[in-house]
Protein chains: 2
Amino acid sequence: MDTPEHVEEAIEVLQQLGLKEYEARCFVGLTRLTTGTAKRLSEVTEVPRTRVYDAIRVLEAQGLVEIQHSSPQQFRAVPLAEATETLRDQYEERVDRLHNALDRVDVVDDDDGSPVQQVWAMAGRGAIENRTDQLVQKAAEEVVLVIGDDSLLTEDLVETLNELGSGVELVIGALTKSLQKQIQAAVPDATTFVSGLEWLRGENTTDDETAIGRLLLVDRSAILVSSIIPGTREEQAIFGEGFGNGLVVIARRLMAQGLIAARDPHQ
Amino acid sequence: MDTPEHVEEAIEVLQQLGLKEYEARCFVGLTRLTTGTAKRLSEVTEVPRTRVYDAIRVLEAQGLVEIQHSSPQQFRAVPLAEATETLRDQYEERVDRLHNALDRVDVVDDDDGSPVQQVWAMAGRGAIENRTDQLVQKAAEEVVLVIGDDSLLTEDLVETLNELGSGVELVIGALTKSLQKQIQAAVPDATTFVSGLEWLRGENTTDDETAIGRLLLVDRSAILVSSIIPGTREEQAIFGEGFGNGLVVIARRLMAQGLIAARDPHQ
DNA sequence: CTGAAAATCACCCGTTTAATCACAACCGAT
DNA sequence: ATCGGTTGTGATTAAACGGGTGATTTTCAG
C-alpha cells in the first residue's frame, strides 16, 4: 500500500466530483488518519490549519465526514464504501432530476427545414460509444464496423452487437490480426476481416499521427468515423445520416470499390 | 408540456453536475430547439452570442452536443437518453477511480488510543440513510427503530429491515398511527408500536420546531438519533458506538424506564 | 465590392477560493 | 491562580475564475 500517486489522484477526482481543493485534501487526509484533529490534519494535508474547520463543515454537510464535538474536535471520514455510495446516490438523483426536467420541456423549435447535407462533429469517448450503440441497435439490414483500437471493443458494444437480429448482416473489420481474432471470439455471428484500410492510418505508424478509431456504416445510410487524438488520447468523431448525405455517399463509393468490405464478405 | 419551471430546474441541476451557467443554459436551449445557430441560441438562452461558441465547445468535448461545421455553424444536443447515459457513465467512472485510489492509500494513522466516549455528528439525508442501513445490517440480536417522518421509510431501508435474520428482534416505532400501519405492512416481521416518544417532539407541533427524524438502537450498543432542520428540511444526526458510550448508556436507561420500547414489546 | 452577419479575441469586473493574520476562548501544567 | 501553548473563529489580502461587453477579423449574400 503506497500512497504518493494515489493521494494525488483521489484529490483530483474528488474535485471533479465537485469538492474544493481544501475539502478534497481534508477528506483524503482523513482516510489516512482514520481519525484526527485539525492540527494533525493540517500537517498531513498541507491545508492551513485555520481553514480545516471550514472544509470539514462542508464535508460534514455532504455526509462525507463525521465530527466529534469535543475539545479538541475530532474528525473522521465516513467508511469508504458508505462515502462512495453516498456520492453515487447523489449523482443518480441529479441525473434523474435532469432527465425529468428536460423531458417536460422540448419543442420551441420554429425550425426552418434544414438541408440534408448534415455532418455532425462530436467528442468524448463515452458519448461516441453511446452513439455507436444507438446506431447499431436500430440497424435493419446491415452493419459494417471497423475497429482501430482494441480499447474501443467494450463490453457494452459487444453486447449490443450480439443482440442484433439475425436478419442483419454484421461485418466487422480490424486493423490487426490479433484484434480480429479477439472480435471473432467475442462476436461469433459476425463476419470479420483484417485491414483493407491501411490508407486510413497515418503515413507512418508513428504515435504522433492521429489514429483511426472506429468506422461504422449502418444500412448504408448512416455513418460514423472517429479518430483518436495523439496527445490526449481523446476520441473525436464525425457523424452523418441520410441516404443523400455527402459523407454517406463517399462511404458507399468506397465500399463499391471494395475498399471497406463489400456485401460479399471476404473469408 | 410547459417550460418555465423546468428550464430553470434543468439549468440548476446541470450546474450541480459541473457545468458552468452558460454551458447549462446552452444545453437546455438546444434541447428546446433541436437544432440552432449561435444567434438563435443566444436569443433563447439569454447567453451573450459571442459566448455561445465557448460554451458549445466545452459541451462538445463532454459529448453533450454535436457541431456542424458549416457556415453558420449549427449546433444540436445529443438525444436526452444518450446525454443522461453519458453523464451517468462519467460519474460512475469517477466514483470508481476514487474508490480504487483511496483503497490503495490508508494507514498513516499513528493514532493515540482514543477514549470510548465518542459521539459523532453527521449530516445529509443520504449519508445518514447509508449509516442506518449499515448499522441494521450488522445487528446480531436486537434492533429498535423509531421513525418520525414517513419520508424516511425508504425502499432501501425496508429492504434492509426485511433481510434481517430471524434471530434478531425487530421493534419499530412510529410517531403516528398511520405511519405505524404503513410500517407494519412493509415489514411484517417487525413488532410495531406508536409513539411513546411524545417528549421528543417540540413543545408544540409547529413546523419551526426541529422535528425528530429517526432513532436507532442496535444491540443496545450503538445508537443513532437524527433530527430534521425546520428551514432546509436537511437531516442531521448524532451517532455513538460502544457499550460504555455515554449516549448509549442514556438510551439504555430510557429503555429500562419503558420510554422507548422494552424487550417485552407493546401490542 | 460592399455591408451585414458570423466567429474569434481581448479585456473588464465582481465573485469565489486559496492563503495569511489577528484574536479570544480554552486547556493543561505548574 | 497563572502562564504558555493549543484551539477555534473571524477578518483580510491576493489570485483565479466566471460572467459580461466591445473591438477585430472572417465569411457570405447581394
Side-chain angles (χ1 to χ4, degrees), chain A residues 8 11-12 14-30 33 35-62 65-76 112 114-115 117-121, chain B residues 8 11-30 33 35-62 65-76 110 112-115 117 119-121:
Chain A
E8 280 308 316
I11 292 174
E12 241 174 70
L14 280 169
Q15 285 183 270
Q16 292 173 355
L17 286 169
L19 297 192
K20 306 304 171 200
E21 184 184 328
Y22 284 174
E23 294 157 19
R25 300 192 95 84
C26 282
F27 183 77
V28 175
L30 279 182
L33 290 180
T35 180
T37 65
K39 186 163 196 286
R40 300 222 320 142
L41 241 194
S42 145
E43 291 163 4
V44 175
T45 60
E46 316 253 82
V47 174
R49 191 186 58 82
T50 61
R51 297 293 89 204
V52 169
Y53 302 98
D54 309 68
I56 293 287
R57 261 193 285 273
V58 176
L59 288 172
E60 197 233 2
Q62 305 218 1
V65 313
E66 300 163 72
I67 301 179
Q68 184 174 53
H69 293 287
S70 50
S71 182
Q73 295 183 316
Q74 294 267 116
F75 312 122
R76 75 175 182 191
D112 36 1
S114 44
Q117 198 61 346
Q118 302 183 330
V119 177
W120 298 93
Chain B
E8 280 308 315
I11 292 175
E12 240 174 73
V13 177
L14 280 169
Q15 285 184 269
Q16 292 175 354
L17 287 168
L19 297 193
K20 306 305 170 200
E21 183 184 330
Y22 284 173
E23 294 156 18
R25 299 192 96 85
C26 282
F27 182 79
V28 175
L30 280 181
L33 291 179
T35 179
T37 65
K39 186 162 194 284
R40 301 220 325 142
L41 240 195
S42 145
E43 290 162 4
V44 175
T45 59
E46 317 253 77
V47 173
R49 193 183 57 81
T50 60
R51 274 315 183 77
V52 169
Y53 302 99
D54 310 72
I56 294 287
R57 260 192 285 275
V58 176
L59 289 172
E60 198 233 0
Q62 305 217 356
V65 314
E66 300 163 70
I67 300 179
Q68 186 174 52
H69 292 287
S70 50
S71 181
Q73 295 183 316
Q74 295 268 116
F75 312 122
R76 75 176 183 190
D110 188 21
D112 36 0
S114 44
Q117 198 62 346
V119 178
W120 298 93

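A, B, ... follow the sequence lines: proteins, then strands. Residue 1 opens every chain. Side-chain atoms are counted along with the backbone in the values below, which use heavy atoms only and exclude waters and symmetry mates.
Residue A:E21 has its side chain nearest to C:dA18 when only D:dG8, C:dA18, C:dA7 are considered. Across C:dA18, C:dT20, D:dG20, the shortest atom-to-atom separation from the side chain of A:P48 is found for C:dT20. Considering only the side chain of B:K39, C:dA6 comes nearest among C:dC26, C:dA7, C:dA6. Taking the side chain of B:K20 as heavy atoms from C-beta on, and the options C:dA7, C:dC26, D:dG18, the nearest nucleotide is D:dG18.
Computed from coordinates, the B:R49 CZ to D:dT26 C1' distance equals 12 Å when rounded to whole Å. Here D:dG10 presents its C1' atom at 10 Å from CG of A:D54, a figure rounded to the nearest Å. If you measure from atom CG of A:L19 to atom P of C:dT17, you get 12 Å, rounded to the nearest angstrom. In this structure, CD of B:E23 is placed 13 Å from P of D:dG20, rounded to the nearest angstrom. Between B:Y22 atom OH and D:dC17 atom C1' there is a gap of 13 Å when expressed in whole angstrom units. Separating the CZ atom of B:R40 from the P atom of C:dA6 is a distance of 12 Å, rounded to the nearest angstrom. Counting to the nearest Å, the P atom of C:dA7 and the CD atom of B:Q73 are 5 Å from each other. What separates NE2 of B:H69 from P of C:dT8 is a distance of 9 Å, to the nearest Å.
Heavy atoms of B:R25 sit nowhere under 4.0 angstrom from any nucleic acid atom.
Residues meeting the side chain to side chain contact (heavy atoms under 4.5 Å, CB included) test with B:V47, sequence neighbours left out: B:Y22, B:R25, B:C26, B:T45, B:R51, B:V52.
The side chain of A:R51 contributes no N or O atom lying less than 4.0 Å from OP1 or OP2 of D:dA11. For B:Y53 and C:dC9, the shortest distance from a side-chain N or O to OP1 or OP2 is not below 4.0 Å.
Using a 4.5 Å cut-off on side-chain heavy atoms (C-beta onward), B:Q73 and B:Y53 make contact. Residues A:Q62 and A:L19 meet the side-chain proximity criterion, which asks for heavy atoms closer than 4.5 Å.
Taking only distance into account, the side chain of B:T50 meets the base of D:dG22 through a donor-acceptor pair shorter than 3.5 Å.
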